[in-house]
Amino acid sequence: MENFEPTIIAFVCNWCTYTAADLAGTSRLIYPKNVRLIRVMCTGMVDPQYIIKAFLEGADGVLVSGCHPGDCHYINGNYKARRRMKLIKEILGQLGIEEQRLRLTWIGASDGIQFAETIREIVSQIKALGPNQTQFKMAM
Amino acid sequence: MATAVKIDVKEQNLLGAFQGFFKILLELEDIHALLVPQQLPVKGSVMPTLVTDPDQLDGVDPLAPAFPLNAARVVSRLTRKPMGGKVVAVLRPCEIRAFIELVKLNQGSTEELILVGVDCLGAYSNADYYRLAGENPREITERFYQNVLGGKGTQMDGVDITAACKACEHPIPDQADLVVGLYGVDTQSGLYVEGKTPKGEDLIQRLGLPAAETPPSREGAIGALVAERTAYRDKMFADTREAAGSLDQMAEYFSHCINCYNCRVACPVCYCKECVFVTDVFYHEPAQYLKWSRRKGVIKMPTDTVFYHLTRLAHMSTACVGCGQCSNACPNDIPVMEVFRTMAHRTQQAFEYEAGKSLEEKPPLSDFREAEFEEVVGIS
């Protein structure tokens, strides 16, 4: 358990959080390497299906991150993402998936420092939870 | 002005009374067709029929304990574009509620439609009904409604109505334009028909039938039935949470699933024109299966079964009306409805939404505001 290195799948929007991650990199900020970034044009395109798939494939955590309310490049994609997050948390919560494993955050393009801090915090929380057991199951 | 009328029943022949009532409706000049379940000349088959000739109503049977499909889909097909005529559709409450969900998703319209709902007595599963109805479906219907309305229960020859029906707290079609009431009504003498909307009230006044008052025992009878159904439902929720409360248990619960997707086909509110599970996205590269197997050592084939059900829950559970056609359609008798209703109850509660309740309430995933659901944002 001490050596447990979680895998976190992060769906990040092109305009805000991906740019923030880029900024964190160019600013030479250090954050854990456990996160796998998937750049999407908008958090509003993250179908709940993607999140379910990540968990069933054994991801230990999933992060969806985009622009702050009012800042969406497509006006309201992040509001849709928030409703879907409410929905999917309701479903996965009934199946015993801990709340900390699924996160939605708003990280703006200039928030490189906040991006690095968020990843650090999520990784430490998920390390405390332990691995997602589905990765060892044969039927999903 | 009368908003309720009485249809005479002779010699306990409810189906005959229905036939007479539908004939009057169809003979009105501005009603062009009637969509109504009828016994087909084929043995024991009760299906929705679209009738334009008032003399083609001999097999009318809205009381059969048969529920071959949720007719919301049929009505959606009829109304997705202007039909060029007014149609009266006779439906079960869960069919009306599912249709309301489809209208809100722009897959149907109430414009040229008058919805007639009949107090629902429940139905057997397809397999049970066909076995029971055999040569004489009319006799089965008659015994069934006499039993149910006579207080002898829904069970007959060892079969009972489906779990979905037993857990249904909406046996009264509150969303219909016109309701044909049976519960708490002295059906020996007549059926009670009530207009619930301006459309329904207008129609009722043109029928030339004697006015009626709400039978005094109706409210109590409905209250008792709904209480019984709600108690069954809540126990079902508790049992299902016990049986399918984790991903592991879900895998067990759906272990007989063969990805036939019958439940999705039968679902009246699975609204996608093309389901993602039949697209190339799930036409995996052969090498992909080997990769998956290598990673886990063993995988069950076909793959993506739990994934399919969870995705369907995410896509349609806020629109689930609990009609139970998913369970009815399962070739391997998986109690699909139990899981879907249990989950849907929570997801609908999360958005303070009730599927099929009204045309005005927007579906939860097509409505959003700048400040809401702050609790799902952040990492603390």
Side-chain angles (χ1 to χ4, degrees), chain A residues 44 47-53 55-58 61 63-66 68-70 72 75-97 99-100 102-107 114 117-122 124-125 132-140, chain B residues 240-241 244-252 254-255 257 276-277 281 292-293 295-315 317-318 339 342-351 364-380:
Chain A
D47 191 298
Q49 189 181 10
Y50 303 167
I51 296 168
I52 295 167
K53 176 73 174 172
F55 280 118
L56 294 183
E57 286 289 311
L63 168 68
V64 177
S65 186
H68 285 273
C72 179
I75 300 168
N76 53 28
N78 49 358
Y79 303 158
K80 293 173 185 166
R82 186 168 51 192
R83 284 232 165 191
R84 290 190 193 128
M85 186 59 68
K86 175 80 183 165
L87 173 80
I88 196 72
K89 271 180 180 278
E90 207 59 54
I91 292 173
L92 294 180
Q94 289 189 64
L95 297 173
I97 293 187
E99 176 131 44
Q100 296 97 309
L102 178 56
R103 294 301 199 185
L104 173 68
T105 58
W106 310 136
I107 300 176
Q114 197 198 335
E117 272 172 9
T118 302
I119 300 300
R120 275 197 290 272
E121 176 60 23
I122 288 177
S124 107
Q125 286 181 4
N132 165 13
Q133 295 299 319
T134 44
Q135 57 187 308
F136 311 115
K137 307 293 184 221
M138 71 174 200
M140 283 297 161
Chain B
T240 307
R241 290 204 178 98
S246 69
L247 279 175
D248 269 3
Q249 284 180 314
M250 280 291 264
E252 222 172 277
F254 287 105
S255 59
C257 177
V276 63
F277 282 89
V281 175
W292 279 328
S293 178
R295 204 168 70 211
K296 296 189 178 185
V298 52
I299 53 168
K300 187 199 102 177
M301 301 289 278
T303 57
D304 303 319
T305 47
V306 174
F307 186 25
Y308 158 72
H309 291 286
L310 289 179
T311 302
R312 213 166 81 75
L313 274 167
H315 285 177
S317 71
T318 53
V339 163
T342 303
M343 290 272 194
H345 188 66
R346 287 267 176 90
T347 57
Q348 291 178 23
Q349 261 181 349
F351 295 101
L365 294 174
S366 52
D367 184 28
F368 41 84
R369 285 167 203 94
E370 184 165 340
E372 59 175 6
F373 302 120
E374 302 292 348
E375 72 278 9
V376 301
V377 183
I379 52 171
S380 52

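Letters A, B, ... mirror the listed sequences (proteins, then strands); counts begin at 1. Excluded from the calculations below are hydrogen atoms, water molecules and symmetry mates; all remaining heavy atoms, backbone and side chain alike, are included.
Looking only at heavy-atom pairs under 4.5 Å with chain B, the residue among L92(A), N78(A), I91(A) that has the most is I91(A). Chain B forms the most heavy-atom pairs under 4.5 Å with one residue out of T105(A), I52(A), D47(A), and that residue is I52(A). Looking only at heavy-atom pairs under 4.5 Å with chain A, the residue among R241(B), E252(B), R369(B) that has the most is R369(B). Among A344(B), G297(B), S380(B), G245(B), the residue making the largest number of heavy-atom pairs under 4.5 Å with chain A is G245(B). Between chain A and the options T303(B), L313(B), D248(B), heavy-atom pairs under 4.5 Å are most frequent for D248(B). For chain B, the option among M85(A), Q133(A), E90(A), Q94(A) with the highest count of heavy-atom pairs below 4.5 Å is Q94(A).
Within the model, atoms CD of Q114(A) and CH2 of W106(A) stand 12.5 Å from one another, a figure rounded to the nearest 0.5 Å. With rounding to the nearest 0.5 Å, the separation of CG in L87(A) from OG1 in T318(B) is 6.5 Å.
Looking at Q249(B), neither its backbone nor its side chain comes within 4.5 Å of chain A, counting heavy atoms on both sides. Heavy atoms closer than 4.5 Å to chain B are found nowhere in I107(A), neither backbone nor side chain. The part of H315(B) that comes within reach of chain A is its side chain, from C-beta onward, which places non-hydrogen atoms under 4.5 angstrom from that chain. Contact of A244(B) with chain A is made through the backbone alone, with heavy-atom distances under 4.5 Å. Heavy atoms closer than 4.5 Å to chain A are found in the side chain of M250(B), but not in its backbone. Heavy atoms closer than 4.5 Å to chain A are found in the side chain of F351(B), but not in its backbone. Only the side chain of K89(A) comes within contact range of chain B, with at least one heavy atom under 4.5 Å from a heavy atom of that chain. Contacts of S255(B) with chain A are absent, with no heavy-atom separation under 4.5 Å from either backbone or side chain.
Q125(A) places a side-chain N or O within donor-acceptor distance of the main-chain N or O of I379(B), the cut-off being under 3.5 Å. Checked by atom type and distance alone, the side chain of R84(A) never pairs as donor or acceptor with a backbone atom of A314(B) at under 3.5 Å.
Under the side chain to side chain donor-acceptor pair (under 3.5 Å) criterion, R295(B) pairs with E57(A), not counting sequence neighbours. Residues meeting the side chain to side chain donor-acceptor pair (under 3.5 Å) test with T305(B), sequence neighbours left out: K300(B).
Taking the centre of each ring, F307(B) and F277(B) come in below the 6.0 Å mark.
Within the 4.5 Å cutoff, no side-chain heavy atoms of I97(A) are placed close to those of T134(A). For the pair K80(A) and R83(A), the minimum side-chain heavy-atom distance is 4.5 Å or more.
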